[in-house]
K.L.:
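Have a look at this one.
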Amino acid sequence: QVQLVESGGGLVQAGGSLRLSCAASGRTFSSYTMGWFRQTPRKEREFVAGISWSGARTYYADSVKGRFTISRDNAKNTMYLQMNSLKPEDTAVYYCAASHRAPFNRPEETDVWGQGTQVTVSS
């Protein structure tokens, strides 16, 4: 199975933008449905966005719809999350996730997790 490594997190002011990347090792990246989840110390891990194996279908949590864009490049074994108009409530550790389910939006449906990257949005 693949191994996932996130990057691109950091500190940004409210209204700003960040782009997260998820690099996958292995030859089977394109066979996975991919997604992003996030978690804070006070909340359970929650779904943010998902993308089909081909990239043709994307879906989002209502809280990020219209602000975040998920994409993938199977030739580079990489998935992205473009985050615009960031809000303080977007502050969390963001996790890259891979699943053989299509679609998926629950942590228990995830087969592989990345280690997470911190995103902090200041007000």
Side-chain angles (χ1 to χ4, degrees):
Q1 64 182 18
V2 296
Q3 291 184 323
L4 306 174
V5 178
E6 301 95 333
S7 62
L11 174 63
V12 64
Q13 289 188 333
S17 298
L18 280 175
R19 189 175 83 153
L20 305 183
S21 298
C22 172
S25 63
R27 300 179 181 178
T28 60
F29 174 73
S30 61
S31 70
Y32 285 91
T33 305
M34 298 295 296
W36 291 96
F37 290 74
R38 66 187 181 186
Q39 187 170 21
T40 66
R42 298 183 179 181
K43 294 176 65 175
E44 294 183 351
R45 194 167 296 190
E46 64 175 7
F47 170 77
V48 175
I51 187 166
S52 63
W53 69 270
S54 68
R57 182 185 175 192
T58 59
Y59 44 104
Y60 300 90
D62 287 343
S63 59
V64 307
K65 201 172 293 183
R67 299 188 298 122
F68 290 11
T69 302
I70 188 171
S71 61
R72 67 190 294 168
D73 185 338
N74 288 342
K76 295 182 178 179
N77 279 10
T78 304
M79 176 181 64
Y80 307 96
L81 185 68
Q82 178 67 42
M83 305 185 295
N84 298 330
S85 302
L86 281 162
K87 305 175 181 179
E89 51 263 44
D90 295 318
T91 295
V93 177
Y94 283 71
Y95 294 91
C96 174
S99 176
H100 285 298
R101 295 176 183 262
F104 79 112
N105 62 4
R106 296 187 298 173
E108 56 266 36
E109 295 174 329
T110 299
D111 296 308
V112 184
W113 291 102
Q115 84 288 351
T117 186
Q118 177 70 47
V119 171
T120 303
V121 184
S122 63
S123 57

K.L.:
Does the side chain of Arg38 come within less than 4.5 Å of Ser63's, by heavy atoms?
P.N.:
yes
K.L.:
Measure up the Trp113 and Phe37 rings against each other and bin them: parallel (under 30°), tilted (30 to 60°), perpendicular (over 60°).
P.N.:
perpendicular
K.L.:
I need the Thr120 OG1 to Asp90 CG distance, nearest 0.5 Å.
P.N.:
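Taking OG1 in Thr120 and CG in Asp90, the distance rounds to 11.0 Å.
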K.L.:
If we check side-chain contact (heavy atoms from CB on, under 4.5 Å) with Met34, which of these qualifies: Tyr80, Phe104, Phe29?
P.N.:
Phe29
K.L.:
Report the distance from atom CG of Asp73 to atom OG of Ser30, rounding to the nearest 0.5 Å.
P.N.:
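The OG atom of Ser30 is 11.0 Å from CG of Asp73, to the nearest 0.5 Å.
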K.L.:
Should Arg72 and Ser52 count as side-chain neighbours, where that means a heavy-atom distance under 4.5 Å?
P.N.:
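Result no, sub-4.5 Å side-chain heavy-atom pair not found.
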K.L.:
Which heavy atom in Lys87 sits nearest to a heavy atom in Val121, and how many Å separate them?
P.N.:
O-CB, 3.3 Å
K.L.:
Is Phe68 reachable from Val12 through a run of I, L, V, M, F, W or Y residues, each pair having side-chain heavy atoms under 4.5 Å apart?
P.N.:
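Shared cluster, yes.
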K.L.:
Say whether, by atom type as modelled, one donor and one acceptor occur between the side chain of Asn74 and the main chain of Ser54 under 3.5 angstrom.
P.N.:
no
K.L.:
Specify the closest pair of heavy atoms between Thr33 and Ile51, including all atoms of both residues, with the distance to one decimal.
P.N.:
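Closest approach of Thr33 to Ile51: CG2-O, 3.2 Å.
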K.L.:
Under 4.5 Å between any side-chain heavy atoms of Met83 and Val119, yes or no?
P.N.:
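Yes, close enough: below the 4.5 Å cut-off.
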K.L.:
Report the distance from atom CD of Glu6 to atom CE of Met79, rounding to the nearest 0.5 Å.
P.N.:
8.0 Å
K.L.:
Atom CD of Gln115 and atom CG of Leu4: how far apart are they, to the nearest 0.5 Å?
P.N.:
9.0 Å
K.L.:
Pick from Tyr59, Trp36, Tyr60: which one makes a ring-ring contact (aromatic ring centres under 6.0 Å, His included) with Phe47?
P.N.:
Tyr59
K.L.:
Could you tell me which non-hydrogen atom of Ser85 sits nearest to which non-hydrogen atom of Ser17, and how far apart they are?
P.N.:
N-OG, 4.4 Å
K.L.:
Grab the two heavy atoms, one from Val2 and one from Ala98, that are nearest each other, plus how far apart they are.
P.N.:
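For Val2 versus Ala98, the nearest heavy atoms are CG2-CB, 4.3 Å.
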K.L.:
Count the heavy atoms belonging to other residues, nucleotides or ligands that lie under 6.0 Å from CD of Gln3, then report whether that count exceeds 12.
P.N.:
no
K.L.:
Are Leu81 and Val112 co-members of a hydrophobic cluster defined by side-chain heavy atoms under 4.5 Å apart?
P.N.:
yes
K.L.:
On a heavy-atom basis, which atom in Ala23 and which in Thr78 lie closest, and how many Å separate them?
P.N.:
CA-OG1, 4.3 Å
K.L.:
Count the heavy atoms belonging to other residues, nucleotides or ligands that lie under 6.0 Å from NZ of Lys43, then report whether that count exceeds 12.
P.N.:
no
K.L.:
At their closest point, which heavy atom of Tyr95 faces which heavy atom of Gly114, and how far apart are they?
P.N.:
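Minimum heavy-atom separation between Tyr95 and Gly114: CD2-O, 3.7 Å.
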